[in-house]
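Worksheet: the structure to be examined is printed underneath.
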Amino acid sequence: MLKNKRKHDYMEKETFVVFIIIFCVILFFLIYMSTDIPSALSGGQDLYVNELPTRIVLGPHVSYVDTDNKELKHLNGCDWNAYEKYGNYHIRYTKHTKFVLDIEKLD
């Protein structure tokens with residue numbers, strides 16, 4: 001009976017630790033994502049380019065951005081193939097997660 005009591009206490013402690021770890025991961029994710037909200041509300045970061053990259057798809061979950069511009073390589077949430085490759089573009093994106101908010105072609 002004493003052995004069962006120790007096992008039960010150990011399982012309760014283990015469950016509590018797992019709960020705390022999951023809570024901390026979710027909290028970290030929410031804090032990290034919320035840091036971009038002020039950036040998005042203020043209009044985001046500005047980037048002016050005269051050539052957009054090409055997204056090369058190798059499989060259903062494998063693709064990469066083909067460009068020499070380091071800033072464009074790390075932008076997320078945009079289908080580059082939906083725009084003309086050459087032209088003057090104004091790109092707005094969030095500061096931390098580099099999520100594209102808007103792409104505007106300048107005349």
Side-chain angles (χ1 to χ4, degrees):
M1 193 160 136
L2 186 60
K3 189 175 180 179
N4 284 338
K5 173 78 169 133
R6 286 184 190 160
K7 185 176 180 180
H8 187 297
D9 289 346
Y10 178 74
M11 288 178 65
E12 281 184 0
K13 289 178 184 176
E14 192 175 76
T15 303
F16 182 71
V17 169
V18 169
F19 174 75
I20 293 297
I21 290 171
I22 291 172
F23 178 76
C24 289
V25 168
I26 291 171
L27 184 63
F28 174 78
F29 179 73
L30 290 174
I31 290 171
Y32 178 73
M33 293 302 288
S34 69
T35 57
D36 268 348
I37 292 172
S39 175
L41 292 176
S42 68
Q45 303 288 93
D46 291 321
L47 177 64
Y48 293 93
V49 295
N50 58 5
E51 179 181 349
L52 292 179
T54 304
R55 180 169 299 277
I56 299 175
V57 178
L58 301 174
H61 301 289
V62 180
S63 66
Y64 71 94
V65 175
D66 182 30
T67 183
D68 293 331
N69 189 332
K70 291 180 183 178
E71 293 174 326
L72 287 175
K73 270 189 179 181
H74 300 293
L75 294 180
N76 302 313
C78 181
D79 180 16
W80 298 114
N81 296 335
Y83 299 93
E84 295 178 30
K85 183 172 177 78
Y86 299 101
N88 295 319
Y89 289 96
H90 174 223
I91 302 171
R92 292 185 310 123
Y93 60 94
T94 58
K95 185 175 182 177
H96 296 290
T97 58
K98 309 284 189 209
F99 188 81
V100 175
L101 299 171
D102 183 38
I103 297 177
E104 177 185 358
K105 185 168 184 177
L106 306 174
D107 293 326

Report task. Using side chain to side chain donor-acceptor pair (under 3.5 Å) as the criterion, list what pairs up with K70, not counting sequence neighbours. Result ->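 K70: no side chain to side chain donor-acceptor pair (under 3.5 Å) contacts found.
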Keeping to residues at least two apart or across chains, list the salt bridge (Lys or Arg N to Asp or Glu O under 4.0 Å) pairs with something in residues 51-62.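 Residue pairs passing salt bridge (Lys or Arg N to Asp or Glu O under 4.0 Å), neighbours aside: E51-K85.
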Discussion item. If you apply the rule side-chain contact (heavy atoms from CB on, under 4.5 Å), what do you find for I103 with W80, and how did you get there?
Written reply: CA-CA 10 Å; I103 297 177; W80 298 114; 3.6 Å; yes
So which atom in [X] and which in [Y] form the shortest heavy-atom distance, rounded to 0.1 Å?
{"X": "F99", "Y": "G77", "answer": "CE1-CA, 3.5 Å"}
{"X": "T67", "Y": "L72", "answer": "CG2-CB, 4.1 Å"}
{"X": "G43", "Y": "L101", "answer": "O-CD1, 4.0 Å"}

Would you compute the distance between atom [atom1] of [X] and atom [atom2] of [Y] and round it to the nearest 0.5 angstrom?
{"X": "H96", "Y": "K98", "atom1": "NE2", "atom2": "NZ", "answer": "9.0 Å"}
{"X": "I21", "Y": "I26", "atom1": "CD1", "atom2": "CD1", "answer": "12.0 Å"}
{"X": "N88", "Y": "L52", "atom1": "CG", "atom2": "CG", "answer": "10.0 Å"}
{"X": "Y48", "Y": "E104", "atom1": "OH", "atom2": "CD", "answer": "8.0 Å"}
{"X": "R92", "Y": "L47", "atom1": "CZ", "atom2": "CG", "answer": "12.5 Å"}
{"X": "T15", "Y": "I20", "atom1": "OG1", "atom2": "CD1", "answer": "12.0 Å"}

(request) Please report the C-alpha distance between V49 and I91 in whole Å, then the side-chain angles of each, then the deciding distance to 0.1 Å, and finally whether the side-chain contact (heavy atoms from CB on, under 4.5 Å) criterion is met. (result) CA-CA 8 Å; V49 295; I91 302 171; 3.9 Å; yes
Practice item. State whether the side chain of Y89 and the backbone N or O of E84 hold a donor-acceptor pair below 3.5 Å, judged by distance alone. Key: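 Indeed, once roles are kept as given, a pair shorter than 3.5 Å links the two residues.
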